[in-house]
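Contents: one structure, followed by commentary.
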Amino acid sequence: MARNLIIRSSSIFRKAIENRVRPFCIYPHSQSHSLSSSTSLTPHSSTPSFFAAATNFSPPLHHRRSLSSAPPSTDIVLVNSDDEFHSILNKVQDNSLNAVFYFTAAWCGPCRFISPIVGDISKKYPHVTTYKIDIDQEAIQVTLGQLQITSVPTLHIFQNGKKADEVIGADVTRLNYITEKLFK
């Protein structure tokens with residue numbers, strides 16, 4: 001079996017060299033996908049028969065996570081502009097509301113890590129509104145400069161309309177401790 005594979009492989013490489021075609025190597029995982037001796041590489045054949053067999057060797061596609069920094073949730077309010085942010089902040093301060101402002105980015109690994117925890121907090125404390133601000137939006141850049149947001153994830157936590165605490169980074173333990181202390 002191994003000798004036949006070597007002979008067939010050398011035959012493929014020889015024909016590839018003769019026809020000035022880059023050789024294509026495949027390593028069959030089982031005997032059922034072995035190459036036939038009639039496989040040829042000619043410039044006239046657009047798809048040699050062993051290319052079709054090669055597609056059987058690719059691993060199955062698995063579910064892939066999106067690059068979104070938070071799963072879609074109705075408990076989290078998206079903030080899209082400076083005006084919208086200031087309107088919400090004034091409402092929180094004027095009405096003495098509890099709120100979490102979650103500054104994030106789609107490309108940020110720690111943001112994707114902490115995003116499910118922020119979602120759980122928004123569900124665990126329904127009386128606390130969570131606002132998500134994507135720092136890559138052009139319409140929010142002035143506010144980011146005013147608040148000096150230089151790292152993501154950053155969470156500003158408001159209790160009774162006043163900023164009670166801030167979490168910078170994906171510190172899950174501290175975030176859970178602060179929200180438990182402030183909102184229970």
Side-chain angles (χ1 to χ4, degrees), residues 26-30 33 51-184:
I26 56 173
Y27 301 98
H29 296 294
S30 67
H33 292 94
F51 282 113
T55 59
N56 294 334
F57 300 119
S58 62
L61 294 176
H62 296 287
H63 175 70
R64 295 183 180 165
R65 291 181 64 170
S66 69
L67 293 177
S68 172
S69 61
S73 174
T74 57
D75 301 334
I76 298 176
V77 178
L78 299 176
V79 179
N80 297 313
S81 68
D82 289 324
D83 293 336
E84 190 177 350
F85 177 82
H86 289 296
S87 172
I88 291 169
L89 183 61
N90 288 336
K91 178 181 165 187
V92 167
Q93 291 173 338
D94 293 344
N95 297 329
S96 299
L97 300 175
N98 296 327
V100 174
F101 290 93
Y102 172 44
F103 297 90
T104 184
W107 49 263
C108 170
C111 297
R112 289 193 307 267
F113 172 75
I114 203 167
S115 151
I117 287 68
V118 172
D120 291 344
I121 288 171
S122 70
K123 289 179 179 132
K124 185 176 180 181
Y125 305 107
H127 62 284
V128 178
T129 307
T130 303
Y131 299 97
K132 178 183 168 188
I133 302 99
D134 185 350
I135 66 161
D136 290 328
Q137 294 182 54
E138 282 294 320
I140 199 79
Q141 296 303 310
V142 173
T143 298
L144 296 175
Q146 292 170 346
L147 296 174
Q148 298 177 351
I149 303 296
T150 57
S151 299
V152 289
T154 295
L155 293 105
H156 289 183
I157 303 161
F158 283 74
Q159 182 183 34
N160 299 325
K162 295 182 180 150
K163 185 175 172 186
D165 215 326
E166 178 179 69
V167 176
I168 299 174
D171 191 347
V172 176
T173 307
R174 183 160 182 255
L175 178 61
N176 284 329
Y177 172 75
I178 290 169
T179 53
E180 182 83 21
K181 180 179 79 170
L182 295 175
F183 303 133
K184 189 128 188 181

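Predicted model only: the values in this text are computed from it and were never measured.
In this structure, the separation between NZ on K132 and SG on C111 is 9.0 Å, given to the nearest 0.5 Å. The distance from the CD atom of Q137 to the OG atom of S81 is 8.5 Å, given to the nearest 0.5 Å. Note: T179 OG1 to K181 NZ = 10.5 Å, rounded to the nearest 0.5 Å. How far OG1 of T154 is from CD1 of I149: 5.0 Å, rounded to the nearest 0.5 Å. Taking CG from L155 and CD1 from I114, the interatomic distance works out to 5.5 Å, rounded to the nearest 0.5 Å. Here E84 contributes atom CD and L78 contributes atom CG; the two are 8.5 Å apart, rounded to the nearest 0.5 Å.
Every pair tested for salt bridge (charged side-chain N to carboxylate O under 4.0 Å, His left out) that includes a residue from residues 87-102 fails, sequence neighbours excluded, so the list is empty. Each side chain to side chain donor-acceptor pair (under 3.5 Å) pair with one or both residues in residues 165-174, not counting sequence neighbours, appears once here: H156-E166, K163-E166, D165-R174.
For N98 (side chain) and N160 (main-chain N/O), a donor-acceptor pair under 3.5 Å exists by modelled atom type. Q159 contributes no side-chain N or O that, together with a main-chain N or O of L97, makes up a donor-acceptor pair within less than 3.5 Å. Between the side chain of S87 and the main chain of D83, no donor-acceptor pair closer than 3.5 Å is present.
Relative ring orientation between F101 and F158 is described as perpendicular, the plane-to-plane angle rising above 60° on a 0-90° scale split at 30° and 60°.
In this structure, the side chains of V100 and Y125 stay at 4.5 Å or more apart for every pair of heavy atoms. Here the side chains of V128 and I121 are not in contact, with every heavy-atom distance at 4.5 Å or above. Residues I140 and D134 are not in side-chain contact: their nearest non-hydrogen atoms beyond the backbone lie 4.5 Å or more apart. With a 4.5 Å cut-off on side-chain heavy atoms, I157 and F183 count as touching. At least one side-chain heavy atom of I88 sits less than 4.5 Å from a side-chain heavy atom of Y131. The shortest side-chain heavy-atom distance between I135 and T104 does not fall under the 4.5 Å cut-off.
Nearest approach of L182 to A164, heavy atoms of both residues: CD1-CB, 3.7 Å. Of all non-hydrogen atoms in C108 and P153, the two that sit nearest each other are SG-CD, 4.1 Å. In terms of heavy-atom proximity, D136 sits nearest to W107 at OD2-NE1, 2.7 Å. Looking at every heavy atom in both residues, G119 comes nearest to S122 through O-OG, 2.7 Å.
Applying the side chain to side chain contact (heavy atoms under 4.5 Å, CB included) test between L144 and each of Q148, Q141, Q146 identifies Q141 as the sole match.
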>> Walk me through whether T130 and V77 qualify under side-chain contact (heavy atoms from CB on, under 4.5 Å).
In response: CA-CA 6 Å; T130 303; V77 178; over 6 Å; no
>> side-chain contact (heavy atoms from CB on, under 4.5 Å) for S115 and Y102? Distances and angles first, verdict last.
In response: CA-CA 9 Å; S115 151; Y102 172 44; 3.7 Å; yes
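Side-chain atoms of T143 and D82 form a donor-acceptor pair, as typed in the model, at a separation below 3.5 Å.
The salt bridge (Lys or Arg N to Asp or Glu O under 4.0 Å) check on K184 picks up E180, with sequence neighbours excluded.
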